[in-house]
Amino acid sequence: MGEKIRAGKELAIMSKKLATIIINVPTEFHEENFRIKEMNREALKEVFLELEFKALGKRLLGEEITPTTDDRPQATENTQMDLFGNVVAPQKNKGTNKPAGSSQVLSSGEDLGEVSGEVIAAEKNITNTPHNYIVAQTTEQISAIISILQSVVAISFDTETTSIDANNAELVGLSFCITPGEGWYVPCPPEREKTIAILNQFKPLFEKPGITWIGQNIKYDMLVLKWYGIELKGDIFDTLLAHYVIEPEGKRNMDALSAKYLGYQPVSITELIGKKGKTQGTMRDVELEVIKDYAVEDADVTLQLKNVFLPQLKEKEVEKVFYEVENPLVKVLTDMECEGIKIDEAFLKEYSQLLETDAKKSEESVYEQAGLRFNLASPKQLGEVLFEKMQLDPKAKKTKTGQYATGEDVLAKLAKEHKICDDILAFRELTKLKNTYVDALPLLVNAKTGRVHTSYAQAIAVTGRLSSVTPNLQNIPIRTERGREIRKAFIPRDENHILVSADYSQIELRIVAAISGDVNMVEAFRTGTDIHTATAAKVFGVEAADVTKEMRYKAKSVNFGIIYGQGAFGLAENLRIPRSEAKEIIDNYKKQFPGIQKYMDDTINFCIENGYVQTLMGRKRWLRDITSANFTVRGYAERNAINSPIQGAAADMIKLAMIKIHKAFKQYNFKSKMLLQVHDELVFDARKDEVEQIKPVILQSMKTAMVLPNEVPVEAEIGVGANWLEAH
DNA sequence: CCGCCCACGC
DNA sequence: GACGTACGTGGGCGGA
């Protein structure tokens, strides 16, 4: 990950979570760097040839990675650790690498230690650890390492680039590692044609089937290569994703993983290019011998991490979700991110002005009613105006920092008596739309493609969902009239294409029905009745035909509350009804759907016994707080225990569908492209002449991706349109 | 620079 | 009486 340099622009827009991935620890350089630097080319070649010989010798001795027909790397890979016995000492894990079932995995405290930085001071680093990192620069040198790499079935691989944004990154170098402690660095010059010439030399290797490419967040490297016309055709093993399924809540940046699992502190990227921020330099300017150590070390660490994670995948019983879901999804996401989606910039520009005008009107109206001007965008100032100067509510609540709470729910309650609140809410909505979407999206249009390329984070959300950044295309407005308009700006690539959107219908509730087996809920889905109406009929004791809008609305709210583990208080707040009425509704619900209550009890008990909950695909979430004596802490864990298998199973299902669709599109040679995933929805840029062919493929793939227990049917709907709003 | 408040999605 | 709905990303403010 270290190669993903922060350029000033990206810095501002990257999420805080991703920012933590770039944390680095200072280190020193070993004198060996300088020894190699002094060497002339001939001497270098000698070293290189010697290494080649050793590697080949190793291969001839049969100690290398064993070829396999299974796409899962074999355990024998782990046996190659000490080819250079004196070179590569066995790794110590400082007791952090414990097997499944140890109480350690249940502890979240260890990770807090890492965040605060006082970690696990890894005692090993490049200065005290023997290594053999070699630069391969000439055509002959590159040929030689390629012939070595051609002979193995697993290669740890990393790219160095000029940007953290793969879609704008220039390749600076490639590193390869097949044995812990040694590897090669291939520098790539700034001239694109020269780099392409180098890549062309590697092309047969990259396209060779049967190789497993090991990488840490290899989607990034695959994307970079894709922009140079190179596609990895073999299998992949992403250590980031391995760790994600082994420990979904853990920190995953390479330095943290290396310290924790290898007891080794990698070379700091800040030593190379400075602290993140405006003054940060680029990898392009780092001296060859320096970048070489950093780069090969990354590939080296990645290889060693793979050797640690491989047995853990088995021990923790997360192989299925890793090999069948996360790992194969990488190529799908790479293609989607590379594709991007076109936006109508002229439309947004015009809409921005309209929003600005309307926001101004609301703002002026607020100042007039308040009798003074202030910064309406400041919740602090607003709270003081509303609750001190204007005295709108003597019982005004404060936030934990002592400010007045001025959130949507607070203002909505006051809006009946105080018109000013409506104006404030309007101002908030309009400025939100303008600042977060309408004005921000055009800034992220890629200069080369004229499209916006979101980046999907595959190892962030603890439940197994994807997240989307720069831009986040998973939270484009739809709820309000003026918000919805923004979806009109997402358009097909040209007049020969049209947008297609397919989404699962009530997928999380279907999963609740399926895994709880509640007969009434299962029955509702089997007969295909509207689930909220069916729920209302049961809860309010009427015939389905007699369910009113009001009843359905309330039932819908209850259904959502069930998924999130909501109580009477929350439901009452949500529906703005007395708590007694909310309690009555929930009691009735539990009576009518006894299987749901049982599911919740069983799930919590399972979690108490095993320390984790899991999805149908075996995706796990460890919740040590489930036995906490603290009511609040335990309650939080219990809600997560109930929600995670539901949200996680839905995430598993759509990921499987994406893999299936991606494969089918390739098989049928469709030119249409999958572009976006929004948790239960997939968006496609469809060639008009393919629309009728792809529709059944998409729907069928989504419906059959994961069979639900208890014969609960899975339904999906599909729409077509000139923009995202029309297609949805 | 970072925590907080707020608001958008599923 | 406290506590109170899962998972995310991101803009602007304001204090350090």
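Just so you know, these numbers use all the heavy atoms, side chains as well, and skip hydrogens, waters and symmetry mates. Lettering of chains follows the sequences in order, A, B, ..., and the numbering in each one begins at 1.
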**OP:** Mind listing the residues from residues 557-568 of chain A sitting with a heavy atom below 4.0 Å of DNA chain C? Number order is fine.
**Re:** Tyr564(A), Gln566(A), Gly567(A)
**OP:** Could I get the full list of salt bridge (Lys or Arg N to Asp or Glu O under 4.0 Å) partners for Asp530(A), not counting sequence neighbours?
**Re:** Arg552(A)
Original post:
According to the interplanar angle, ranging from 0 to 90°, do the rings of Phe490(A) and Trp724(A) count as parallel (below 30°), tilted (30 to 60°) or perpendicular (above 60°)?
Top reply: perpendicular
Original post:
Counting side-chain heavy atoms from C-beta on, which of dC13(C), dC8(B), dG11(C) comes nearest to Thr436(A)?
Top reply: dG11(C)
Original post:
Counting N and O atoms only, with roles assigned by atom type, does the side chain of Asn723(A) sit under 3.5 Å from a partner on the main chain of Ala489(A), one being a donor and the other an acceptor?
Top reply: no
Subject >> Qualifying residue for side-chain contact (heavy atoms from CB on, under 4.5 Å) with Arg621(A), from Cys607(A), Pro645(A), Ser644(A) >> reply: Ser644(A)
Original post:
Should Glu715(A) and Arg510(A) be marked as a salt bridge (charged side-chain N to carboxylate O under 4.0 Å, His left out) after you check the CA-CA gap, both sets of side-chain angles, and the distance that decides it?
Top reply: CA-CA 9 Å; Glu715(A) 296 293 339; Arg510(A) 284 175 199 270; 5.2 Å; no
Subject >> Side chain Arg465(A) and base dC10(B) donor-acceptor under 3.5 Å >> reply: yes
Original post:
Closest to the Arg487(A) side chain: dT9(C), dC10(B), dC6(B)?
Top reply: dC10(B)
Original post:
To the nearest Å, how far apart are Asn435(A) CG and dG10(C) C1'?
Top reply: 11 Å
Subject >> Distance below 4.0 Å between Thr399(A) side-chain N/O and dC5(B) OP1 or OP2 >> reply: yes
**OP:** Over 60° means perpendicular and under 30° means parallel, so classify the ring planes of Tyr367(A) and Phe374(A), tilted if in between.
**Re:** perpendicular
Original post:
Which atoms form the tightest heavy-atom contact between Leu392(A) and Leu414(A), and what is the distance?
Top reply: O-CD2, 4.2 Å
Subject >> Nearest-angstrom distance, P atom, dA7(B) to dG1(C) >> reply: 31 Å
Subject >> Rounded distance in Å between the P positions of dC5(B) and dC3(C) >> reply: 15 Å
**OP:** Could you state the atom-to-atom distance from CD of Glu573(A) to P of dC3(C) in whole Å?
**Re:** 14 Å
**OP:** From the options dG4(C), dG8(C), dG11(C), select the nucleotide whose nearest atom is closest to the side chain of Ala461(A).
**Re:** dG8(C)
Original post:
Are side-chain heavy atoms of Tyr636(A) and Asp625(A) found at a separation under 4.5 Å?
Top reply: no
Subject >> Under 4.0 angstrom between Thr431(A) side-chain N/O and dG11(C) OP1 or OP2 >> reply: no
Original post:
Is the count of non-hydrogen atoms from other residues, nucleotides or ligands lying under 6.0 Å from Lys389(A) atom NZ greater than 12?
Top reply: yes
**OP:** Look at all strands and tell whether Leu466(A) reaches a base, only sugar-phosphate, or nothing, counting heavy atoms closer than 4.0 Å.
**Re:** nothing
**OP:** Would you kindly check whether a donor in the side chain of Asn643(A) faces an acceptor in the base of dT5(C), or vice versa, at under 3.5 angstrom?
**Re:** no
**OP:** Go through the structure and list residues passing salt bridge (Lys or Arg N to Asp or Glu O under 4.0 Å) with Glu584(A), not counting sequence neighbours.
**Re:** none
Original post:
Mind checking the C1' distance from dC8(B) to dA2(C)? Whole angstroms is fine.
Top reply: 30 Å
Original post:
Which nucleotide in the list dG10(C), dG4(C), dG9(B) gets nearest to the side chain of Lys432(A)?
Top reply: dG10(C)
Original post:
Glu508(A) has an atom CD; how far is it from atom P of dG8(C), in whole Å?
Top reply: 13 Å
Subject >> base_contact_polar (dA6(C) base, Gln647(A) side chain, donor-acceptor, <3.5 Å) >> reply: yes
**OP:** Report which part of the nucleic acid Thr406(A) touches: base, sugar-phosphate, or nothing (heavy-atom distance under 4.0 Å, all strands).
**Re:** sugar-phosphate
**OP:** Take the protein atom CG of Asn375(A) and the nucleotide atom P of dG11(C), then report the distance between them rounded to whole Å.
**Re:** 17 Å
Original post:
Between Leu441(A) (CG) and dT9(C) (C1'), how many Å, whole number?
Top reply: 13 Å
**OP:** Using a cut-off of 6.0 Å, state whether more than 12 heavy atoms not belonging to Lys583(A) lie near its atom NZ.
**Re:** no
Original post:
Heavy atoms under 4.0 Å, any strand shown: does Arg621(A) hit a base, just sugar-phosphate, or nothing?
Top reply: sugar-phosphate
Original post:
So which of residues 635-642 of chain A are in contact with DNA chain C, with a heavy-atom cut-off of under 4.0 Å?
Top reply: Tyr636(A), Arg639(A), Asn640(A)
Original post:
At under 4.0 Å between heavy atoms, what does Glu681(A) touch on the DNA or RNA strands: base, sugar-phosphate, or nothing?
Top reply: nothing
Subject >> Protein-nucleotide distance (Tyr456(A), atom OH; dC10(B), atom C1'), rounded to Å >> reply: 13 Å
Original post:
Which word best sums up how the rings of Tyr351(A) and Phe347(A) line up, parallel for under 30°, tilted for 30 to 60°, or perpendicular for over 60°?
Top reply: parallel
Subject >> Whole angstrom value for the distance that separates C1' of dC5(B) from CD of Gln381(A) >> reply: 14 Å
**OP:** Please identify each residue that fulfils salt bridge (Lys or Arg N to Asp or Glu O under 4.0 Å) with Glu717(A), with sequence neighbours left out.
**Re:** none
**OP:** Write down the distance between NZ (Lys583(A)) and C1' (dG4(C)), rounded to a whole number of angstrom.
**Re:** 15 Å
Original post:
Within the structure shown, what part of the strands sits under 4.0 Å from Ala650(A) by heavy-atom distance: base, sugar-phosphate, or nothing?
Top reply: nothing
Original post:
Do you know which two heavy atoms are closest between Glu356(A) and Lys434(A), and how far apart they sit?
Top reply: OE1-CE, 3.6 Å
Subject >> Residue Lys400(A), side-chain atoms from C-beta onward, closest of dC10(B), dC5(B), dG8(C) >> reply: dC5(B)
Original post:
Hey, does the side chain of Thr401(A) come within less than 4.0 Å of dC5(B)'s phosphate (OP1/OP2), counting only N and O?
Top reply: yes
Subject >> Consecutive Watson-Crick or G-U pairs in runs of at least 3, all under 3.5 Å, in which DNA chain C is involved >> reply: B:1-9 with C:7-15
